[in-house]
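Report on one structure; see the data block that follows.
Labels below follow one simple rule: chain letters A, B, ... track the order of the sequence lines, proteins then strands, and each chain is numbered from 1. Side chains are part of it too, since the values below use all heavy atoms of this structure and drop only hydrogens, waters and symmetry mates.
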Amino acid sequence: MLDVKFIREYPDVVKQNVINKNESADIDALLVLDEKRRSLIQEVEVLKGKRNTVSELIASLKKNKEDATSHIEEMRAVSDTIKSLDDSLRPIEEQIEDRVLRIPNMIHASVPIGKSAADNVEVRRKGDTIEQGFRKNHLEISKQLNILDFERGAKVSGSGFGFYVGKGASFERALINFMIDLHLEKHGYTEMLPPFLANYASMRGTGQLPKMEEDMYAMPLDGLYAIPTAEVPLTNFHRDEVLANDQLPVKYCGYSACFRREAGSYGKDTKGFLRVHQFNKVELVKFVKPETSYDELEVLVTDVEDVLNALEIPYRVLQLCSGDTSFSSAKTYDLEAWSPAEQKWLEVSSCSNFESYQARRANIRFRNDQGKLEFLHTLNGSGLATSRLMVAILEHYQTEDGHINVPKVLQPYCRFDRI
RNA sequence: GGAGGAAUCGCAUAAUGGUAUUGCAGCAGUCUUGAAAACUGCCGGGCUUUCGCCUGUGGGGGUUCGAGUCCCUCUUCCUCCGCCA
């Protein structure tokens, strides 16, 4: 979340940012509440100061066995007033918190202003887009080879769930292991295997709640939510903690299943793996010093590109415009893999710098060079999500006789080199 | 699920119901050629030009003039019992 002090000082900048991000938030209502809060605090603090000094007086009178009855009587009234002021303050502070949590992060100065995905800027491209040719789409080829089963997924769980079957399951597992090993060995991340359910405080810490509640699977009986990304547990790993200065940067790499209700997106890209309620993803999360976070973002993107390069899948890197940059992010790059059968780019990764937005929500600090406590910066990127990557692989590595060659780098992870 | 114990600054610790102690670590300074040691200051959050003020003992309530301390409740951790892959 943003610092309330910042919102108070630069309300117009914050308002323009909300517009640029295609979000909505009533900044003026917040400022009215903030004003009310501060004047109430001023009033109540004078009374509390009085109570403190008189209480001390009462203590010393009692120690000397003198009479303090009149002071106690007086303080009884003061305490009642304090209580009623505190009572009127509480709902105001709750409203302020709720409103602040619903204000999006400020975009970075380098982010182009734009309305939608059409205004995103292609930064670079590796490999060429290719024609469909003889290639079948991922649903046809996977049905023919019996490696994915969405019909039975729908029977067992519902629309938008699928089974990986036989060599399809092995191949998925190989892909995950390959990506994790690459990030550990080549990029120096620490491996994590997180819980797939998280509590309210964690979901709030990374910015999913309270605003995106309808996108989450919830288990109200236990107050738990199915994670939409490993970003949630990996970032909240350090919630309410202070990291040592020389510990930074901290880099985690973790696999998780990801769960998304995808409410409101019915009918859009719903074919097979293009949009599912559960998918697998290897996530990268970094905790860094503020002055290094934009350099760390660039490195994060190249860490992800290494995976696509190793798999020899054509891809492009996009810088998202303001309107397409997510709620909590200050700057985001998307990576898209080419799908010959769909004849379009598929989003397979999203790499973002959240600056101190998540750190402030989740209260993650470090001791800076001056020995002071300061919010650090968090970043994360998918490295990568397998479902759409699988679509690209099944198309690119398809042979004319209707089989799939296993990419060279995955062969050591599979017990076969052809499906 | 049941019984008992615990939670105080980054870590560790103290506090007959009278307003949070001390040590370590960290930061700045004095001294030093430099470092160490020693000494001084800072060292949870907020407000304040300064002096200071408010707040803060896992979360939320309550009793009281006054709560780390007493009561209720929730959470987490530890010990044991039960159930379980």
Side-chain angles (χ1 to χ4, degrees), chain A residues 1-9 30-31 33-98 100-101 193-205 209-210 219-225 233 236-250 287 289-291 356 359-376:
Chain A
M1 65 186 156
L2 301 179
D3 193 344
V4 177
K5 206 191 300 177
F6 176 81
I7 301 171
R8 192 189 301 145
E9 270 173 59
L30 171 70
L31 292 175
L33 287 166
D34 180 55
E35 190 57 46
K36 216 188 244 175
R37 169 176 171 271
R38 286 191 298 156
S39 79
L40 272 172
I41 282 180
Q42 224 166 359
E43 195 180 341
V44 77
E45 286 197 348
V46 170
L47 291 174
K48 282 180 177 174
K50 185 172 182 186
R51 182 174 69 183
N52 285 346
T53 52
V54 176
S55 284
E56 215 155 337
L57 177 63
I58 291 171
S60 77
L61 285 175
K62 287 209 163 185
K63 200 175 278 177
N64 298 326
K65 308 250 193 276
E66 291 176 45
D67 180 42
T69 323
S70 66
H71 289 111
I72 290 176
E73 274 310 312
E74 188 195 353
M75 282 309 101
R76 194 167 305 185
V78 171
S79 277
D80 284 347
T81 313
I82 289 173
K83 192 175 289 181
S84 81
L85 285 175
D86 274 343
D87 283 346
S88 54
L89 197 55
R90 197 167 306 126
I92 291 172
E93 291 190 322
E94 279 168 13
Q95 287 175 55
I96 288 174
E97 165 153 312
D98 186 64
V100 171
L101 287 174
L193 188 53
F196 294 179
L197 303 180
N199 59 26
Y200 186 92
S202 295
M203 297 295 278
R204 196 183 73 156
L209 295 178
M219 279 137 278
L221 207 57
D222 298 290
L224 292 170
Y225 296 82
N236 280 281
F237 186 74
H238 289 300
R239 175 156 50 82
D240 292 321
E241 290 186 15
V242 175
L243 304 192
N245 186 294
D246 56 14
Q247 200 181 343
L248 301 177
V250 170
F287 303 83
K289 295 184 190 179
E291 64 271 21
S356 60
R360 186 173 277 109
R361 290 172 86 110
N363 189 30
I364 309 171
R365 297 172 295 172
F366 77 110
R367 226 171 254 290
N368 65 19
D369 295 340
Q370 284 71 48
K372 283 279 195 186
L373 294 172
E374 185 181 340
F375 291 114
L376 45 71

Please state the C1' separation for the pair rC43(B) and rG26(B) - nearest whole angstrom.
8 Å
P spacing across the pair rC53(B) / rG61(B), given as an integer number of angstrom
27 Å
Glu74(A) side, atom CD; Thr69(A) side, atom OG1 - distance, nearest 0.5 Å
12.5 Å
Quote, to the nearest angstrom, the C1' distance that separates rA67(B) from rA12(B).
25 Å
Taking the C1' atom of each, how far is rC9(B) from rG82(B), in whole Å?
40 Å
Nearest heavy atom decides the nucleotide; on that basis, is Arg8(A) or Gly49(A) closer to the 5' end of RNA chain B?
Arg8(A)
Span that lies between the C1' atom of rU8(B) and that of rU21(B), in whole angstrom:
11 Å
Can a salt bridge be assigned to the pair Asp86(A) and Lys48(A) using a cut-off of 4.0 Å between side-chain N and carboxylate O?
yes
Base-pairing assignment for rU63(B) (Watson-Crick or G-U wobble, both under 3.5 Å)
none
Taking the basic N atoms (NZ, or NE/NH1/NH2) and the acidic carboxylate oxygens, is any pair closer than 4.0 Å for Arg37(A) and Glu93(A)?
yes
Give Lys50(A) one of three labels, base, sugar-phosphate or nothing, depending on what nucleic acid heavy atoms sit under 4.0 Å from its own.
nothing
To the nearest 0.5 Å, what is the distance between CG (Asn236(A)) and CG (Asn363(A))?
11.0 Å
Does the side chain of Asn52(A) come under 3.5 Å of the side chain of Ser55(A) through a donor N or O and an acceptor N or O?
no
Who does rC43(B) pair with, Watson-Crick or G-U, both distances under 3.5 Å?
none
Does rA6(B) have a Watson-Crick or wobble partner in any strand here, with both distances under 3.5 angstrom, and which is it?
rU76(B)
Sugar-phosphate only, base, or nothing, as touched by Arg90(A) at under 4.0 Å among non-hydrogen atoms
sugar-phosphate
Whole-angstrom distance between rU13(B) and rG68(B), as gauged at atom C1':
14 Å
Considering only atom C1', compute the distance from rC65(B) to rC11(B) and round it to an integer number of Å.
37 Å
Base, sugar-phosphate or nothing for Lys63(A)? Non-hydrogen atoms, less than 4.0 Å.
nothing
Positions of residues 365-375 of chain A (non-hydrogen atom under 4.0 Å from RNA chain B), listed by number
Arg365(A), Arg367(A), Asp369(A), Gln370(A), Gly371(A), Leu373(A)
Output yes when a side-chain donor or acceptor of Arg361(A) lies under 3.5 Å from a complementary backbone atom of Arg204(A), and no otherwise.
yes
Salt-bridge test for Arg38(A) and Asp34(A): reply yes if a basic N is under 4.0 Å from a carboxylate O, no otherwise.
yes
Span that lies between the P atom of rC51(B) and that of rG41(B), in whole angstrom
16 Å
Criterion side-chain contact (heavy atoms from CB on, under 4.5 Å) on Leu243(A) and His238(A), from CA distance to verdict
CA-CA 8 Å; Leu243(A) 304 192; His238(A) 289 300; 3.6 Å; yes
Test item: side-chain donor near acceptor, Asn245(A) and Asp369(A), under 3.5 Å:
yes
For rU49(B), the Watson-Crick or wobble partner whose two distances fall under 3.5 Å
none
Asn368(A) side-chain N/O to Gly371(A) backbone N/O, donor-acceptor pair under 3.5 Å
yes
Which two nucleotides bound the region of RNA chain B that has atoms under 4.0 Å from heavy atoms of chain A, read 5' to 3'?
rG10(B) to rG66(B)
5' precedence on RNA chain B between Ile72(A) and Asn52(A) (nearest-nucleotide basis):
Asn52(A)
Taking any strand in view, what nucleotide pairs with rU19(B) in a Watson-Crick or G-U wobble way, both distances under 3.5 Å?
none
